[in-house]
Amino acid sequence: GAVVSQHPSWVICKSGTSVKIECRSLDFQATTMFWYRQFPKQSLMLMATSNEGSKATYEQGVEKDKFLINHASLTLSTLTVTSAHPEDSSFYICSASRPENSPLHFGNGTRLTVT
Amino acid sequence: SQQGEEDPQALSIQEGENATMNCSYKTSINNLQWYRQNSGRGLVHLILIRSNEREKHSGRLRVTLDTSKKSSSLLITASRAADTASYFCATDNTDKLIFGTGTRLQVFP
């Protein structure tokens with residue numbers, strides 16, 4: 001069964017609004033979770049590394065004030081897309097690793113459409 | 001860009017044929033992993049090969065790694081229509097996973 005749950009699976013919002021995406025590790029504690037973005041027919045681009053109890057580490061070119069990440073517990077990380085615009089429409093995927101080994105377990109992704 | 005590159009970008013084969021996908025990367029690695037993604041879904045881990053390994057098998061999958069050439073290949077033998085998906089290599093060198101550009105595989109019944 002799934003070990004990482006991501007919610008919602010899809011969301012449509014109006015330009016200017018904010019959207020929150022949740023990523024939960026279901027049967028293990030994840031001190032680190034990762035957020036990726038994927039445009040159609042392209043690869044996954046790492047946006048940020050979410051660290052429990054501390055600030056997220058953002059990749060170059062990713063606006064931290066636009067993509068707010070909160071990792072308040074060992075089983076939950078959230079990504080909030082603030083003041084969303086049509087160009088933010090994409091597939092967002094989270095992942096988490098069990099502390100003792102690789103590989104990463106991925107959520108099923110969230111398709112965001114901003115109108 | 002840190003991102004690795006895969007070729008071919010797309011591959012179409014008949015059921016029963018073998019499919020080979022190649023991945024090249026740029027930095028030193030701890031391990032290299034291959035993932036599969038069905039359209040619009042999350043990723044499923046297929047196989048991990050460590051930097052000190054040269055070849056690994058898992059069912060119909062065979063992965064090779066050449067660290068001197070910074071390249072890896074994934075071979076799927078006796079392909080099935082259900083193997084239709086996108087396949088990504090991913091390199092792990094600083095505790096984060098960087099994905100390649102992916103190969104879209106279509107297997108016709």
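Convention: sequence-line order gives letters A, B, ...; per-chain numbering from 1. Computed from a prediction, not measured in an experiment: that's the story for all the values here.
Of all non-hydrogen atoms in B:Phe88 and A:Gln38, the two that sit nearest each other are CZ-NE2, 3.8 Å.
A distance of 5.0 Å separates CG of A:Leu46 from CD1 of B:Ile98, quoted to the nearest 0.5 Å. Rounded to the nearest 0.5 Å, atoms NE2 (B:His45) and CZ (A:Phe106) are 9.5 Å apart.
The parts of A:Leu44 that come within reach of chain B are both its backbone and its side chain, each placing non-hydrogen atoms under 4.5 angstrom from that chain. Contacts of B:Gln37 with chain A are made by side-chain atoms alone, with heavy-atom separations under 4.5 Å and no backbone atom involved.
Remark: the backbone N or O of B:Gly102 is not paired with any side-chain donor or acceptor of A:Ser43 at under 3.5 angstrom.
Ranked by non-hydrogen atom pairs under 4.5 Å with chain B, the options A:Tyr36, A:Trp10, A:Phe34 are led by A:Tyr36.
Heavy-atom contacts from other residues, nucleotides or ligands closer than 6.0 Å to CZ of B:Arg50 number 12 or fewer. Remark: B:Arg80 CZ is loosely packed, at most 12 non-hydrogen atoms of other residues, nucleotides or ligands lying under 6.0 Å away. Residue B:His57 places its NE2 atom among more than 12 non-hydrogen atoms of other residues, nucleotides or ligands, all under 6.0 Å distant.
Each of A:Ile93, A:Asn108, A:Leu104 was checked for a side chain to side chain contact (heavy atoms under 4.5 Å, CB included) with B:Leu43, and the lone residue meeting it is A:Ile93.
When the side chains of ILVMFWY residues are joined at heavy-atom separations under 4.5 Å, either directly or via intervening members, A:Tyr58 and A:Val81 end up in a single hydrophobic cluster.
Sorted by first and then second residue, the pairs that involve residues 86-95 of chain A and meet side-chain hydrogen bond (donor to acceptor under 3.5 Å, both in side chains), not counting sequence neighbours, are A:Lys66-A:Asp88.
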